[in-house]
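See below for the structure under consideration.
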Number of protein chains: 2
Amino acid sequence: MSTSLPKPQPYHHGDLRRALLDGAMAMLESGGAANLGLRELARLLKVSPAAPYRHFDNKISLLEALAVRGYQQFSAQMKEAAIGDTPEARLAAMGHAYVRFALDNMELFRLMFSPELKRANRPTLRMAADAAFETLRIATATSSPDGGRIAALQAWAKVHGLAILLLDGQIAIREGENLDGLIRAIIGTEPAGA
Amino acid sequence: MSTSLPKPQPYHHGDLRRALLDGAMAMLESGGAANLGLRELARLLKVSPAAPYRHFDNKISLLEALAVRGYQQFSAQMKEAAIGDTPEARLAAMGHAYVRFALDNMELFRLMFSPELKRANRPTLRMAADAAFETLRIATATSSPDGGRIAALQAWAKVHGLAILLLDGQIAIREGENLDGLIRAIIGTEPAGA
DNA sequence: TACTTATGTGGTCACTGTTAACATCATCGG
DNA sequence: CCGATGATGTTAACAGTGACCACATAAGTA
């Protein structure tokens, strides 16, 4: 009568790659990319410290995969948000979605723009990023009739800057102030005063 | 004739604290804060791995000191740049100086806004940062007669976003394009179309 | 059934931040 | 002048990391 021992834990994990990505994402959002350790991740998944290397060349490679997933989500949410009657309204809606994404995925957003990853210069990451920004470029182009690059860059800078400042807690939210309202107020006002 | 031996290296360094800061700054600007190692730094200064700990509690503490120095430089350069006939002109000049500082001290600027440091929440760093931003707050307040917070935040977001995007190489500089001109074009256009 | 490939393990290396115990020096009170 | 004291550096160690190797195990396939 072999009493059921604590489960012989199958030698193979089943879907380690996905588990690694999910676990890494969880660790990322609770402590930043710097505090994300491959060994700790392996420990969490009850797997040997070397196991992750079967699925990712190195730590950067794992982070890159996370960032790529981030850019895909980001891109999708931007497209989804681009609703409105006028091009300007659509652009504003996208800007709002941009900031919301940053706030809802703080560490992921930071990772996506991390210089660490930029230094690695992985082509697949570049492509994911380019694809995401292309969506934005088109929206700004159709929004400003002269195809003005300056106006597009202004809009991008304003939205990106707002996202980062909010992320860093530099912009103090006042008592009883509505965050979404503040965001809209900041990005909504068009330079031309239309 | 005692041939001058390779110098018995005095037991004490003389001004290690300063040397640490300078060396750290050099390492910072060539590889980012992540690649700044206390041991490597000690090695560079021909000093034992534990020596730095006589001057800084830990790595974060060293980085904090660098960031504080950064905020002081930053603040000084902002004040120095605030010249012009109208408040708007002064604000634009400060915005330009803001972006220039970021470009001239890329890694330092990143460090100053690093979440790693923000997490540590050192009071002296907070004070240095607050002092620097206070300069900006005043400039934006005097620039917009209604003391409009929204306008101030818009300006800040635009300038900060531009700095970060340039830092990250997200904004492509076109052939024969003048960087300072581009910066001025982006931050110079006032929302009111003045 | 035998061969091949994918996946996970254990052990090891070089490196890091950090601390504790000890050495050296400069300075100041007697 | 001299000895105590505190500041500064050194050596040795610890835990933790990313990364790599040879090997073990499973799964798939000819």
Side-chain angles (χ1 to χ4, degrees), chain A residues 5-28 30-67 111 114-117 119-120 122, chain B residues 5-28 30-67 111 114-117 119-120 122:
Chain A
L5 290 175
K7 273 198 181 177
Q9 291 273 37
Y11 192 88
H12 287 85
H13 178 283
D15 194 356
L16 185 55
R17 188 190 166 92
R18 163 113 15 179
L20 284 168
L21 284 173
D22 292 347
M25 184 65 96
M27 287 183 62
L28 179 68
S30 76
N35 297 48
L36 194 168
L38 284 191
R39 290 184 99 104
E40 189 182 349
L41 179 56
R43 218 174 297 133
L44 218 74
L45 301 181
K46 297 179 188 298
V47 108
S48 94
Y53 289 89
R54 290 291 153 191
H55 299 273
F56 299 97
D57 285 355
N58 47 38
K59 185 176 172 176
I60 285 286
S61 205
L62 207 206
L63 292 178
E64 183 205 5
L66 285 185
L111 177 67
S114 135
E116 198 68 23
L117 280 189
R119 261 189 274 272
R122 304 293 178 104
Chain B
L5 290 175
K7 275 198 179 176
Q9 291 273 39
Y11 191 88
H12 287 86
H13 179 282
D15 193 356
L16 184 56
R17 188 189 166 90
R18 165 117 10 184
L20 284 168
L21 284 173
D22 292 348
M25 185 65 98
M27 286 182 63
L28 178 68
S30 77
N35 296 48
L36 194 168
L38 284 191
R39 290 187 99 105
E40 189 182 348
L41 179 55
R43 219 174 296 135
L44 218 75
L45 301 181
K46 296 180 190 297
V47 106
S48 92
Y53 288 88
R54 292 291 152 188
H55 300 273
F56 300 96
D57 284 353
N58 47 38
K59 185 176 173 178
I60 285 284
S61 206
L62 208 206
L63 293 178
E64 182 204 6
L66 285 184
L111 177 67
S114 136
E116 197 68 21
L117 280 190
R119 260 189 274 271
R122 305 292 178 107

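Chain letters run A, B, ... following the sequence lines, proteins first, then strands; residues in each count from 1.
For the side chain to side chain donor-acceptor pair (under 3.5 Å) test, no residue two or more places apart in sequence or in another chain qualifies with B:N58. In this view, B:A120 and B:I60, B:R122 satisfy the side-chain contact (heavy atoms from CB on, under 4.5 Å) rule, not counting sequence neighbours. For A:E116, there are no salt bridge (Lys or Arg N to Asp or Glu O under 4.0 Å) partners two or more places apart in sequence or in a different chain.
A:R54 has its CZ atom 14 Å from the P atom of D:dA24, to the nearest Å. Remark: P of C:dC15 and CG of B:L41 are 17 Å apart, rounded to the nearest angstrom. C:dT7 atom P lies 12 Å from atom CG of A:L20, rounded to whole Å. Rounded to whole Å, atom P of D:dT10 lies 11 Å from atom CG of B:L45. At whole-Å resolution of the value, CZ in B:R17 and P in D:dT8 are 10 Å apart. A straight line from CZ of A:F56 to P of D:dC20 spans 16 Å, rounded to a whole angstrom.
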Could you list the donor-acceptor pairs under 3.5 angstrom formed between side-chain atoms of residues 35-42 of chain A and any protein atom two or more places apart in sequence or on another chain?
none

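The phosphate of D:dG9 (OP1 or OP2) has a side-chain N or O of B:H55 nearer than 4.0 angstrom.
The side-chain hydrogen bond (donor to acceptor under 3.5 Å, both in side chains) contacts involving residues 15-24 of chain B comprise B:D22-B:R69, where partners must be two or more places apart or lie in separate chains.
Comparing C:dT9, D:dG9, D:dT11 by their nearest atom to the side chain of B:V47 picks out D:dG9.
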Pairwise N/O distances under 3.5 Å, protein to nucleotides 16-18 of chain C:
unit_1, atom_1, unit_2, atom_2, d
C:dT16, OP2, B:R43, NH2, 2.7
C:dG17, OP1, B:L38, N, 2.9
C:dG17, OP2, B:L38, N, 3.0
C:dG17, OP2, B:R39, N, 3.0
C:dG17, N7, B:R39, NH1, 2.7
C:dG17, O6, B:R39, NH1, 2.8
C:dT18, OP2, B:Y53, OH, 3.0
C:dT18, OP2, B:K59, N, 2.9
C:dT18, O5', B:Y53, OH, 3.4
C:dT18, O4, B:R39, NH1, 3.0

Q: Start with the C-alpha gap between B:H55 and B:L16, add the side-chain angles, then the distance that decides, and say whether side chain to side chain contact (heavy atoms under 4.5 Å, CB included) holds.
A: CA-CA 8 Å; B:H55 300 273; B:L16 184 56; 3.7 Å; yes

